[in-house]
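Data block below; observations after.
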There are 2 protein chains.
Amino acid sequence: MDLRRLRYFVAVAEARSIGKAAERLRMAQPPLSVQIRKLEAEIGAPLFRRGTRGMDLTEAGQALLSRASEALALAVDGAEAARAVAAGKRGRLSVGYMFVLANAILPRLIPELRRSVPGVDLEFAELSASTREARVLDRSVTVALCMPAINHPEIQVARIGAQRFMLAMPTSSPLARLGSVPMARLHGRPLIALPHPDHGPASSAVVPLLRRHQVVMPIASRVETVHSAMSLVLAGEGLAILPACAQLGAPRGIVFRPLRDATDSLDIAVCWRRDSQSPLIGTFIKCAEKAVARM
Amino acid sequence: MDLRRLRYFVAVAEARSIGKAAERLRMAQPPLSVQIRKLEAEIGAPLFRRGTRGMDLTEAGQALLSRASEALALAVDGAEAARAVAAGKRGRLSVGYMFVLANAILPRLIPELRRSVPGVDLEFAELSASTREARVLDRSVTVALCMPAINHPEIQVARIGAQRFMLAMPTSSPLARLGSVPMARLHGRPLIALPHPDHGPASSAVVPLLRRHQVVMPIASRVETVHSAMSLVLAGEGLAILPACAQLGAPRGIVFRPLRDATDSLDIAVCWRRDSQSPLIGTFIKCAEKAVARM
DNA sequence: GTCAACCCATATATTTTCGGTATGCCAATG
DNA sequence: CATTGGCATACCGAAAATATATGGGTTGAC
């Protein structure tokens with residue numbers, strides 16, 4: 001059962017004549033006649049009544065015609081759909097994001113995306129620091145908005161911005177009265193530590209910063225998320241050194257201050273599987289850059 | 001866009017491997033690999049991710065897969081439907097019938113048909129004497145139940161029974177007191193005449209019968225249908241000589257009596273276009289014969 | 001680390017199938 | 001009776017599909 005034969009069959013049925021159909025198909029009449037007879041042999045029954053004034057569908061032919069047309073349309077549609085997906089005009093884009101970035105980026109990113117790729121189904125999913133790598137690798141998200149970038153040989157990264165570290169403390173803290181806090185003033189104070197994803201759960205993202213300034217902060221607690229860190233800060237357990245955008249999700253009672261003489265920052269990056277040839281990734285990066293630029 | 005390629009594509013997508021799919025398709029692996037690449041070239045985008053452990057659909061491939069499967073199923077289904085119609089297992093059978101025969105035949109014929117060809121859509125349509133030939137020729141009915149048979153070179157006929165002529169008269173008629181009516185007693189009485197379809201509208205179906213018995217009946221009225229004839233008989237306009245089965249549709253006040261010494265009858269026949277190769281016609285004739293036999 | 005196994009891609013030869021040209025057959029028409 | 005219109009058949013050349021043989025890359029085992 002060949003699709004070409006079905007196409008020929010439909011053409012002959014519509015033209016009610018082999019000669020006319022051959023003309024429309026830009027081919028000679030005899031080969032078309034042969035193909036029709038082969039189709040009839042394959043079906044095992046005549047599909048046309050041959051009259052002296054042309055061809056006319058038999059009832060068996062009518063039964064075939066409707067389905068053959070549908071099958072043709074589906075095949076064409078399938079090819080077009082595949083092309084559209086490959087061109088990034090349709091398809092699905094699953095966006096993973098870390099929650100710290102949600103308030104800062106998503107409100108600008110989502111409208112931008114809907115405008116840029118209107119035919120695409122968008123999906124958003126929050127990523128935790130511990131699972132983000134796996135979610136990219138198993139393709140359950142197409143791209144991930146991360147801070148910092150994922151470090152993995154199979155995962156490609158595009159840096160789209162950075163966030164300075166700031167000191168987060170209770171409003172009541174004496175340091176809150178300063179416009180910016182000198183690093184030296186942190187010495188000896190308890191730290192709420194977030195692990196750096198590349199250095200294992202017992203690490204902290206700010207170890208290099210503290211070491212460079214020869215500041216020692218005893219670790220009061222280790223937490224997984226920026227929001228947990230802020231909760232503990234509010235509870236008076238210690239101070240936290242967090243990326244600036246965390247302010248947007250900070251509860252009342254917490255203030256952020258810049259660190260004097262410290263320009264360290266965390267990269268904001270788009271991360272995706274190196275072998276994911278989705279054409280949507282390029283567009284996504286552009287949108288994300290725009291969103292970050294207006295932050 | 002070739003259906004074979006789509007079939008190969010679906011096989012590879014399901015097997016997630018060219019080698020496995022080739023085995024299932026009973027072919028060698030290299031040509032299948034070539035066909036898949038040709039399909040990808042035709043679409044203009046990769047449909048599979050080639051991994052070291054086999055093949056995996058890309059999103060474009062997924063978009064194609066669903067429609068390709070549907071198209072394949074439709075093509076197969078179309079071929080099967082055409083075969084089923086050609087074999088008389090499905091399809092449509094449009095039955096035309098003349099109204100005189102309705103009461104006598106349809107109640108037995110219809111259940112018989114539904115039992116014999118359960119997959120077939122049945123359609124019933126009343127035929128008038130003046131249009132029945134055209135309705136058969138233009139295929140608006142597949143078969144026609146006629147009395148008498150249609151006489152036309154393009155129309156084939158199967159005689160399935162006959163109906164004796166009887167005299168129809170008002171209950172009040174003096175002839176009604178006889179068990180059967182001698183032909184001679186009709187002489188001079190007014191006749192309600194039905195035209196014989198083969199001899200034009202000015203004819204009568206009973207001309208030969210009357211002539212053979214040297215009976216002359218003045219024609220009081222010419223009508224098109226048996227029912228009109230009976231109405232006029234009831235109104236006292238004259239007598240009618242009608243096929244026996246007309247009794248079944250006769251109104252109160254009309255009686256039928258056999259004609260003594262006259263065995264003339266009208267054939268009941270199934271008529272269809274000579275070139276209509278519908279396999280349902282044979283079955284229909286058998287059913288109609290059964291129905292007539294139990295009349 | 002080497003070797004074997006697995007899987008897909010490429011190359012070449014053979015076979016199948018398709019499409020074109022020339023021609024025949026049949027029926028309808030004038 | 002010849003002509004026209006339409007489909008079928010015959011034959012040939014071209015294109016495409018399939019098979020066999022082979023290469024290259026990666027995985028996993030010893």
Side-chain angles (χ1 to χ4, degrees), chain A residues 1-43 45-58 60-61 72 75 79 137 152-154 273-275 277, chain B residues 1-43 45-58 60-61 68 72 75 137 152-154 273-275 277:
Chain A
M1 178 57 67
D2 183 352
L3 207 55
R4 174 187 12 219
R5 295 232 174 95
L6 291 184
R7 188 190 325 282
Y8 289 175
F9 167 70
V10 171
V12 172
E14 283 175 355
R16 305 168 66 88
S17 149
I18 289 188
K20 300 276 199 308
E23 201 169 335
R24 192 182 306 176
L25 292 167
R26 312 279 180 85
M27 66 187 292
Q29 169 262 319
L32 185 54
S33 176
V34 169
Q35 292 304 321
I36 295 296
R37 296 197 88 80
K38 282 189 178 169
L39 182 60
E40 289 179 316
E42 191 179 335
I43 300 290
L47 300 169
F48 291 96
R49 254 183 294 276
R50 271 87 170 160
T52 172
R53 279 266 165 254
M55 318 264 289
D56 209 359
L57 279 175
T58 62
L72 278 171
L137 287 174
H152 187 281
E154 281 300 310
R273 258 194 88 116
R274 192 174 294 280
D275 65 0
Q277 71 282 61
Chain B
M1 178 59 65
D2 183 352
L3 207 55
R4 178 194 313 132
R5 293 231 176 98
L6 291 184
R7 189 191 323 285
Y8 291 174
F9 166 71
V10 171
V12 172
E14 283 175 355
R16 306 168 67 87
S17 148
I18 290 188
K20 299 276 199 307
E23 202 171 333
R24 193 184 306 176
L25 291 167
R26 312 278 181 88
M27 67 188 293
Q29 170 261 320
L32 185 54
S33 176
V34 169
Q35 291 305 318
I36 294 296
R37 296 196 87 81
K38 283 190 178 169
L39 182 61
E40 289 179 318
E42 191 179 335
I43 299 289
L47 300 169
F48 291 97
R49 252 184 295 275
R50 272 83 169 165
T52 172
R53 277 265 166 257
M55 317 266 288
D56 209 359
L57 280 175
T58 62
L72 278 171
L137 288 175
H152 188 281
E154 281 301 309
R273 258 192 89 115
R274 192 173 294 280
D275 65 359
Q277 72 282 59

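So you know, we letter chains A, B, ... as the sequences are listed, proteins then strands, and number each from 1.
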Could you give the [atom1]-to-[atom2] distance, from [X] to [N], as a whole number of Å?
X      : N      : atom1 : atom2 : answer
B/R5   : D/dA17 : CZ    : P     : 5 Å
B/L3   : C/dT17 : CG    : C1'   : 17 Å
B/R49  : C/dC8  : CZ    : C1'   : 17 Å
B/L6   : D/dA17 : CG    : P     : 13 Å
B/I36  : C/dC8  : CD1   : P     : 11 Å
A/M27  : C/dT17 : CE    : C1'   : 12 Å
B/D275 : C/dC26 : CG    : P     : 19 Å
A/Q29  : D/dT9  : CD    : P     : 11 Å

Indicate the atoms forming the closest heavy-atom contact of A/R273 with A/L137, along with that distance.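 Minimum heavy-atom contact is NH1-O, 2.6 Å.
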
Could you report the tightest heavy-atom contact between B/F9 and B/I36, atom names first, then the distance?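 Here B/F9 and B/I36 meet closest at CA-CD1, 3.8 Å.
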
Report, one line per pair, each donor and acceptor closer than 3.5 Å where one atom sits in a side chain of residues 18-30 of chain A; sequence neighbours left out.
none

Please check the phosphate of [N] (OP1 and OP2 only) for any side-chain N or O of [X] closer than 4.0 Å.
X     : N      : value
B/R50 : C/dC7  : no
A/R37 : D/dC7  : no
A/K20 : D/dG5  : no
B/Q35 : D/dT18 : yes
A/T52 : D/dC7  : no
B/K38 : D/dA17 : yes

Could you measure the distance from the CG atom of B/L72 to the CE atom of A/M1? Nearest 0.5 Å is fine.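 If we round to the nearest 0.5 Å, B/L72:CG and A/M1:CE are 10.5 Å apart.
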
Hey, could you give me the CG/CG distance between A/L39 and A/L6, rounded to the nearest 0.5 Å?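 Separation between the atoms: 6.5 Å.
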
By nearest atom, which of the nucleotides [options] is closest to the [X] side chain?
X     : options                : result
A/D2  : C/dC18, C/dT21, C/dC8  : C/dC18
B/A28 : D/dA19, C/dT21, C/dT10 : D/dA19
B/M55 : D/dA16, C/dA11, C/dC8  : C/dC8
B/I18 : C/dC8, C/dT17, C/dA28  : C/dC8

Identify, between B/S33 and B/R4, the residue whose nearest nucleotide on DNA chain C lies closer to the 5' end.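 Nearest-nucleotide comparison on DNA chain C picks B/S33.
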
Which is more 5' along DNA chain C, the nucleotide nearest A/Y8 or the one nearest A/R53? Just name the residue.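 Its nucleotide being nearer the 5' end, the pick is A/Y8.
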
Using a heavy-atom cut-off of under 4.0 Å over every strand shown, decide if B/G54 touches base, sugar-phosphate, or nothing.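 Counting heavy atoms under 4.0 Å across all strands, the contact made by B/G54 is with sugar-phosphate only.
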
Under 3.5 Å donor-acceptor, B/Q277 side chain and A/R49 backbone: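 Pair absent, no side-chain N/O of B/Q277 close to backbone of A/R49.
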
